[in-house]
Amino acid sequence: MHELIDPRSDSVRVFLRRWYGATTAGRPAIALESDQIPRELVDWHDAVASTGVAVTFHNRPVELSKLVRSDNGMMIFWMENQGSYYWAVDPDDEQPAVFVTVYPTEEPWQATGETLRGFLLHCTIDEAMLGAAARFVVMIPGRVAQSYLSNWFVPLGFPHLANQDPSTQLLCSHDALAQVCPPPVGYSIPGDATQMLSVAVTNPDDLDKYQADLRDYLSTVPRQPPVEIDELPPF
């Protein structure tokens, strides 16, 4: 997936076509152009609208028709599903940088280190991972994770999102996406430094090849405490 390894202006559209299949005729996401909305956001919503399917499953974008500038000039365009984290840009910036804050505290906006175009591609990939129908999650020792990933995947140059562990990493191969991060409390392998590995593919038949080297771990479920109904595992 060269559009992810070497991002370009049409990377979101190319990735969506690759991941979700042929696009529709290109139904516009917004009928009226506005110089108040960054071009990157309009392009992203247009690309998403052209797929004809849902592409966000966890965090979510603000609809174009609801984008407004706050009193401090920032425009919130992306929200965490729990309503804790909000991402925004200054529409006046020529190359908008993305900032994040925690609501409802009075925390100042913090720079994420991503441009708007890069952030939108990052989140598109992250959401594709979470929403994939053909996907598996496995807890494996850190040393096994590094060896496995180096054999199959190429790291993508995105920083972690504000609501993710700082060590979270996204990777891709020519036909799959992967994410590695620390496991939730209670899901570690006893006596080992554990990583939670998620792998998603578009073709369910491809799962076997990505699972082949992990059979021993896929068949072993780590001991874990009882999970309350409102505390389901995050995978």
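Residues take their numbers from the sequence shown, with the count starting at 1.
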Test salt bridge (charged side-chain N to carboxylate O under 4.0 Å, His left out) on Glu127 and Arg60 and set out the steps. CA-CA 9 Å; Glu127 294 293 323; Arg60 62 188 186 276; over 6 Å; no

Looking at side-chain heavy atoms only, is the closest gap between Ser84 and Asn163 below 4.5 Å? no

Side chain to side chain contact (heavy atoms under 4.5 Å, CB included), that's the test. Do Tyr187 and Met196 meet it? Break it down for me. CA-CA 9 Å; Tyr187 286 83; Met196 183 170 76; over 6 Å; no

Step by step, would you call Leu177 with Leu171 a side chain to side chain contact (heavy atoms under 4.5 Å, CB included)? CA-CA 6 Å; Leu177 296 171; Leu171 310 93; over 6 Å; no

Electrostatic pair Asp46-Arg13, nearest N-O below 4.0 angstrom: no

Does a side-chain heavy-atom distance below 4.5 Å link Phe77 with Ile37? no

Salt bridge (Lys or Arg N to Asp or Glu O under 4.0 Å) pairs, two or more places apart, involving residues 162-189: Asp175-Lys209

For the hydrophobic clusters of this structure (ILVMFWY residues joined by side-chain heavy atoms under 4.5 Å, transitively), does one cluster hold both Val14 and Val12? no

Quick one: closest heavy-atom pair of Arg215 and Asp208, and the distance? NH2-O, 3.7 Å

Can you find a pair of side-chain heavy atoms, one from Gln95 and one from Thr115, that are under 4.5 Å apart? no

I would like to know whether Trp44 and Thr124 meet side chain to side chain donor-acceptor pair (under 3.5 Å); could you show each step before the answer? CA-CA 9 Å; Trp44 186 86; Thr124 303; 2.8 Å; yes

For the residue pair Pro159 and Thr112, what are the closest heavy atoms and their distance? CG-O, 4.0 Å

List in chain and number order the residues that pass side chain to side chain donor-acceptor pair (under 3.5 Å) with Glu63, two or more places apart in sequence or in another chain; answer none if no residue qualifies. none

Flag if over 12 foreign heavy atoms under 6.0 Å of CG, Asn203: yes

Looking only at heavy atoms, which two atoms of Val89 and Pro38 are closest? And how far apart? CG2-CG, 4.1 Å

Could you check whether Phe153 and Tyr210 have their ring centres less than 6.0 Å apart? yes

Determine, for Arg17 against Asp10, whether the closest basic-nitrogen to carboxylate-oxygen distance falls under 4.0 angstrom. no

List for me each residue that meets ring-ring contact (aromatic ring centres under 6.0 Å, His included) alongside His122, sequence neighbours excluded, and say none if there are none. Phe158

Decide yes or no on side chain to side chain contact (heavy atoms under 4.5 Å, CB included) for Ile125 and Leu4, but give the supporting numbers first. CA-CA 9 Å; Ile125 300 166; Leu4 307 185; 3.6 Å; yes

Would you please indicate if the ring centroids of Phe119 and Trp87 are separated by under 6.0 Å? yes

Run the side chain to side chain contact (heavy atoms under 4.5 Å, CB included) test on Ser173 and Val154 for me, step by step, so that the C-alpha distance in whole Å, both residues' side-chain angles and the decisive distance to 0.1 Å come before the verdict. CA-CA 6 Å; Ser173 69; Val154 176; over 6 Å; no

Find out whether Leu161 and Gln164 are in side-chain contact, i.e. whether some heavy atom of one side chain is under 4.5 Å from a heavy atom of the other. yes

If you take the centroid of each ring, where Trp contributes its six-membered ring, are Trp78 and Tyr86 closer together than 6.0 Å? no

For residues Asp126 and Gln179, is any side-chain donor paired with an opposing acceptor at under 3.5 Å? yes

